[in-house]
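Heads up, the thing below is written out as structure tokens.
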Amino acid sequence: MGHLKISVRLDTMRGAGVSVTESGKHLLVIDLSNAQGIKAGKKGVYMNLIAFENKNGVNRFGHTHFIKPSQSKEERANEDAPIIGNLGPLVAEPEPVRMIESGVTDADLQNMAAESGEDDDLPF
């Protein structure tokens, strides 16, 4: 499998919100006691997610999966987790072929043109 692109909207998670400081900075604030899929451990804060395959395959945005926060068995029994993101293959733009990288020189191009018998006298 190749590279994947993942988009997650964190402010849609339970316990999360955006706060604006007096200086105009936007902060993501997460109440860890109420957050789904986010757990504070001894060495850091971890976010556990699950990607589910789209039932109808690739959607119109090129996404193949949707992402939900991980839930415990109790949480799954009591409520459904919100969809917080999407996942799909990363499609790279092809790079243009450069003649210099292919090893073809100007002399090679002139020889190829001469061998093809085409006339260089263009009417325009």
Side-chain angles (χ1 to χ4, degrees):
M1 181 181 295
H3 297 288
L4 301 172
K5 61 181 176 181
I6 302 169
S7 174
V8 176
R9 184 171 171 196
L10 296 174
D11 65 327
T12 60
M13 296 183 68
R14 184 179 70 208
V18 176
S19 178
V20 181
T21 66
E22 289 180 7
S23 63
K25 292 183 179 180
H26 290 74
L27 306 175
L28 175 66
V29 180
I30 301 174
D31 177 3
L32 295 178
S33 65
N34 191 29
Q36 284 181 314
I38 300 178
K39 303 293 181 213
K42 291 182 181 179
K43 296 184 179 182
V45 179
Y46 298 89
M47 182 175 179
N48 297 312
L49 304 171
I50 300 174
F52 297 91
E53 192 171 355
N54 292 343
K55 291 179 182 176
N56 297 325
V58 180
N59 69 13
R60 64 185 175 139
F61 302 108
H63 301 134
T64 57
H65 295 72
F66 59 93
I67 299 172
K68 290 185 171 193
S70 181
Q71 293 179 295
S72 68
K73 197 175 215 180
E74 291 175 354
E75 289 174 324
R76 283 192 304 271
N78 293 328
E79 65 180 297
D80 192 26
I83 295 174
I84 63 166
N86 296 288
L87 180 145
L90 179 62
V91 180
E93 294 292 323
E95 295 215 12
V97 176
R98 296 188 183 114
M99 298 303 279
I100 196 126
E101 291 177 358
S102 66
V104 177
T105 64
D106 287 338
D108 293 333
L109 291 174
Q110 289 172 357
N111 289 338
M112 286 188 272
E115 290 173 4
S116 69
E118 291 184 21
D119 189 7
D120 283 349
D121 294 334
L122 298 176
F124 48 88

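All values reported here derive from a predicted model rather than from experimental measurement.
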Legend entry - Heavy-atom closest pair, residues Ala16 and Ile30: CB-CG1, 4.0 Å
Inset, instruction - Could you tell me which non-hydrogen atom of Thr12 sits nearest to which non-hydrogen atom of Pro82, and how far apart they are? - result: O-CG, 4.0 Å
Legend entry - Listed partners of Asn54 passing side chain to side chain donor-acceptor pair (under 3.5 Å), at least two apart: none
Legend entry - Test side chain to side chain donor-acceptor pair (under 3.5 Å) applied to Thr21 - qualifying residues, sequence neighbours left out: Ser23
Any chance you could measure [X], atom [atom1], to [Y], atom [atom2], to the nearest 0.5 Å?
X     : Y     : atom1 : atom2 : value
Asn86 : Ile67 : CG    : CD1   : 7.0 Å
Thr64 : Asn56 : OG1   : CG    : 13.0 Å
Asp80 : Gln71 : CG    : CD    : 6.5 Å
Lys39 : Ser70 : NZ    : OG    : 8.0 Å

Under a single-linkage definition using a 4.5 Å side-chain heavy-atom cutoff for Ile, Leu, Val, Met, Phe, Trp and Tyr, are [X] and [Y] assigned to the same hydrophobic cluster?
X     : Y     : result
Ile38 : Ile6  : yes
Met13 : Leu32 : yes
Val8  : Ile83 : no

Inset, instruction - Kindly give the cluster partners of Val20, where membership spreads through any ILVMFWY side chain lying under 4.5 Å from a current member. - result: none
Inset, instruction - Quick one: list whatever passes side-chain contact (heavy atoms from CB on, under 4.5 Å) with Val18, sequence neighbours left out. - result: Asp11, His26
Legend entry - Non-neighbouring partners of Ser33 that pass side-chain contact (heavy atoms from CB on, under 4.5 Å), sequence neighbours left out: Asp31
Inset, instruction - Applying side chain to side chain contact (heavy atoms under 4.5 Å, CB included), run through Ile84 and Met47 and close with a yes or a no. - result: CA-CA 12 Å; Ile84 63 166; Met47 182 175 179; 3.8 Å; yes
Legend entry - Summary of ring-ring contact (aromatic ring centres under 6.0 Å, His included) pairs that have at least one residue in residues 27-58, sequence neighbours excluded: Phe52-Phe66
Inset, instruction - Apply the side-chain contact (heavy atoms from CB on, under 4.5 Å) test between His65 and each candidate in Leu4, Ile50, Leu87, Asn59; give the one that qualifies. - result: Leu87
